[in-house]
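Below is one structure; the comments refer to it alone.
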Amino acid sequence: MSLPVVAILGRPNVGKSTLVNRLAGARDAIVYDEPGVTRDRTYQPAFWRDREFLVVDTGGLVFDDDTEFLPYIREQAMAALSEASAAILVVDGQEGPTESDREIANWLRHQPVPALLAVNKCESPDQGLIQAAQFWELGLGEPYPVSGIHGNGTGELLDDLVGHLPETREIEAIEEIKVAIVGRPNVGKSSLLNAFVGETRSIVSPISGTTRDAIDMVVERGEQRYRLVDTAGIRKKKQVEYGPEFFSINRSFKAIRRSDVVLLVIDAIDGVTEQDQKLAGRVEDDGRACIVVVNKWDAVEKDSHTIYDYDRTLGSKLYFMDWAQRIYVSAMTGQRVPKILDLVDQAVEEHRRRVSTSVVNEVLEEAVSWHSPPTTRQGRQGRIYYGTQVSARPPAFALFVNDPKLFTDNYRRYIEKQFRQNLGFEGTPIRIFWRGKKVRDAERDSVNRATKV
Ligand code: GDP
Ligand code: GDP
């Protein structure tokens, strides 16, 4: 396992699993009220700021009970701890320190792993500090008042936690970027491809792609590698057996599927056609980053209004991907061609970017205070409890709300707009999932599937 592991310890019923779900963020909290329910020891992926880690719930730890299970449970906790980079001991702030808490803390102090103390069930900020203060006696340093149910305090806890985790990987920056160049025949795809090949320094020989005749070409610029997906498809129409009108949309769809970022090439003379819209729609559905490349700009007669008017018309035809940057180039003269790869780099960075939960919630709070969620005629109002980013490529967010049905399309668009304005993500589609408080398993699974792109 390459990611650092964080073990969550504590006696039963202090709220460990609630907290794990909160930290992992990807699922709605699943809480069982009966004590002693068996749970699997599962690793849940979590992240905070730019750090990723795994959270493991060790199950209830009991020291002062001499049942026959005692050694077993202790063994489980030891096993979890032996592979952990840090531990969080969870205690119950409403109940105060108990004998079991003291025993676990005592034991934990002698383990070679940094341990933090989370005082759970501290919903009230003022009370919370007082409740937390009682736990200094455990000797594990500063007690953090948190609420697994509502989320308060978890930001401070996580800030401290990630400081204890080892650096994991810096590979992200030099990972190769898969670029698909798509567009109708004759828009200038091969000309652009040639321009890239001329512009980039070293060219690695063609590599076969996943399907039989799909040839990828890898080029490098500085440290960055770009895999140009299915270059054979781009050149195909040069072969005589295809008429000039032949256009394999399925081949384009496959290339989009295999890419990180799509260069959607449009012919400046023709403007956006129905086929271009179809390709754009697929890019958005597949969750790929995209740059709209308007080629043959040299051939358009210009006056001072041209680019402004032109861009507005083009934007309105591609209104469903208003997040994509548009660039006006000429593969023939080379005008602005080098800038395309700069935009590719930016779009890919946004596509992979993660935003911390606290920032997401600041944006949500601000948005809701300007414009509160709708109320039904019966007086029921939508409430957003909190939001968190659940995945990247493309960035996806889950908003936990009282009832998704209370949020109209209008309001959803408003929130999406606020996300865009405040969080950026230029160049990539984003997804927002509205999740009710009690999500049934089946529904949850389908949501989880939908977020995987
Ligand atoms: P675990 O046995 O330690 O994993 O505890 P659970 O996560 O199953 O939670 C035990 C009980 O505590 C449940 O009834 C939860 O609803 C409740 N609980 C968990 N977190 C909080 C919290 O932050 N505040 C309050 N008031 N109750 C909580
Ligand atoms: P593909 O079918 O999309 O690969 O398009 P090609 O690269 O084969 O280009 C089709 C035609 O458009 C060729 O005759 C090119 O010379 C021409 N063309 C490509 N790029 C430009 C450009 O930037 N300006 C002009 N005026 N013509 C271009």
Side-chain angles (χ1 to χ4, degrees), residues 8-23 29-41 55-62 73 88-95 100-101 104 118-124 127-128 131-132 144-154 157 181-197 228 230-239 242 244-248 252 263-270 275-276 279 293-301 327-337 340 437:
I8 309 291
L9 305 165
R11 60 191 176 81
N13 266 315
V14 291
K16 290 183 299 302
S17 42
T18 310
L19 197 65
V20 165
N21 282 303
R22 162 73 53 179
L23 299 184
I30 307 157
V31 181
Y32 302 90
D33 265 329
E34 317 87 275
V37 213
T38 48
R39 301 190 187 94
D40 296 341
R41 202 171 97 204
V55 193
V56 54
D57 184 350
T58 61
L61 194 57
V62 187
I73 292 169
I88 298 177
L89 172 61
V90 186
V91 295
D92 185 331
Q94 293 181 0
E95 211 175 313
S100 308
D101 294 337
I104 301 171
V119 183
N120 193 32
K121 310 196 186 178
C122 290
E123 275 82 53
S124 135
Q127 273 292 101
Q131 287 166 337
Y144 287 95
V146 300
S147 168
I149 285 190
H150 295 288
N152 15 345
T154 48
L157 178 70
I181 305 175
V182 303
R184 294 177 302 116
N186 280 316
V187 294
K189 296 182 297 299
S190 345
S191 308
L192 273 172
L193 179 68
N194 289 333
F196 284 141
V197 168
L228 304 170
D230 192 13
T231 53
I234 295 171
R235 290 172 162 156
K236 197 95 209 177
K237 58 113 209 154
K238 302 280 185 216
Q239 290 166 9
Y242 296 96
E245 294 310 311
F246 180 80
F247 172 42
S248 170
S252 309
L263 299 182
L264 178 60
V265 187
I266 310 269
D267 186 321
I269 315 270
D270 300 343
Q275 283 174 318
D276 297 325
L279 288 169
V293 179
V294 183
N295 188 36
K296 308 193 189 178
W297 192 239
D298 60 281
V300 172
E301 283 210 27
I327 184 168
Y328 293 83
V329 308
S330 168
M332 198 175 73
T333 69
Q335 191 192 12
R336 280 190 285 268
V337 169
I340 299 175
K437 233 191 150 189

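Note that ligands are numbered from 1 as they come in the structure, with each ligand's atoms numbered from 1 the same way.
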Taking 4.0 Å as the limit for heavy-atom contacts, which would you say applies to [X] with ligand 2: side chain only, backbone only, both, or neither?
X: Ser330; answer: both
X: Val187; answer: both
X: Asp298; answer: side chain

Distance check, rounded to the nearest 0.5 Å: [X] atom [atom1] versus [Y] atom [atom2]?
X: Asn194; Y: Thr231; atom1: CG; atom2: OG1; value: 10.5 Å
X: Ile88; Y: Leu157; atom1: CD1; atom2: CG; value: 4.5 Å
X: Lys296; Y: Ile266; atom1: NZ; atom2: CD1; value: 12.0 Å
X: Trp297; Y: Asn295; atom1: CH2; atom2: CG; value: 11.5 Å
X: Ile181; Y: Lys189; atom1: CD1; atom2: NZ; value: 9.5 Å
X: Asn120; Y: Thr18; atom1: CG; atom2: OG1; value: 7.0 Å

**Asked** Which pair of non-hydrogen atoms, one from Lys121 and one from Gln94, has the smallest distance, and what is that distance?
**Response**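 Shortest heavy-atom contact: O-NE2, 3.1 Å.
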**Request:** For Ala268 and Val300, work out which heavy atoms get closest and say how close.
**Result:** CB-CG2, 3.6 Å
**Item:** Contact atoms of ligand 1, heavy-atom distance to Lys16 under 4.0 Å
**Value:** 1 (P), 2 (O), 3 (O), 4 (O), 5 (O), 7 (O)
**Item:** For Gly15, atoms of ligand 1 separated by under 4.0 Å from a heavy atom
**Value:**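 Under 4.0 Å from Gly15, ligand 1 has these atoms: 1 (P), 3 (O), 5 (O), 6 (P), 7 (O), 9 (O), 19 (C).
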**Request:** Determine whether Leu19 and Thr154 make a side-chain contact, defined as any pair of heavy atoms from C-beta on separated by less than 4.5 Å.
**Result:**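 In contact.
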**Request:** Just go through Ser191, Ala268, Gly334 and tell me whose heavy atom is the nearest to atom 19 (C) of ligand 2.
**Result:** Ser191
**Message:** Measuring from atom 18 (N) of ligand 2, which candidate in Lys189, Lys296, Met332 has the nearest non-hydrogen atom?
**Reply:** Lys296
**Message:** Within the structure, is a non-hydrogen atom of Arg184 found at a distance of less than 4.0 Å from ligand 2?
**Reply:** yes
**Request:** Work out whether the distance between some heavy atom of Gly183 and some atom of ligand 2 is less than 4.0 Å.
**Result:** no
**Request:** Check the pair Leu192, Ile340 against side chain to side chain contact (heavy atoms under 4.5 Å, CB included), reporting the backbone distance first and the verdict last.
**Result:** CA-CA 10 Å; Leu192 273 172; Ile340 299 175; 3.9 Å; yes
**Numbered atoms of ligand 2 (with element) below 4.0 Å of Ser190, judged on heavy atoms** =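 Per the distance check, 1 (P), 4 (O), 6 (P), 7 (O), 8 (O).
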**Request:** Taking only heavy atoms of Pro185 into account, list the atoms of ligand 2 that are under 4.0 Å away from them.
**Result:**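 With Pro185 as reference, the close atoms of ligand 2 come out as 2 (O).
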**Prompt:** Within the structure, does His150 bring an N/O atom to less than 3.5 angstrom of an N/O atom in ligand 1?
**Reply:**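 No, His150 has no N/O under 3.5 Å of an N/O on ligand 1.
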**Request:** May I ask you to check if ligand 1 and Cys122 share an N or O to N or O distance below 3.5 Å?
**Result:** no
**Request:** Quick one: look at Gln94 and ligand 1, take heavy-atom pairs under 4.0 Å, and tell me if it's side chain, backbone, both or neither.
**Result:** side chain
**Message:** Using a 4.0 Å heavy-atom cut-off, which part of Thr18 comes near ligand 1: side chain, backbone, both, or neither?
**Reply:**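 Both backbone and side chain.
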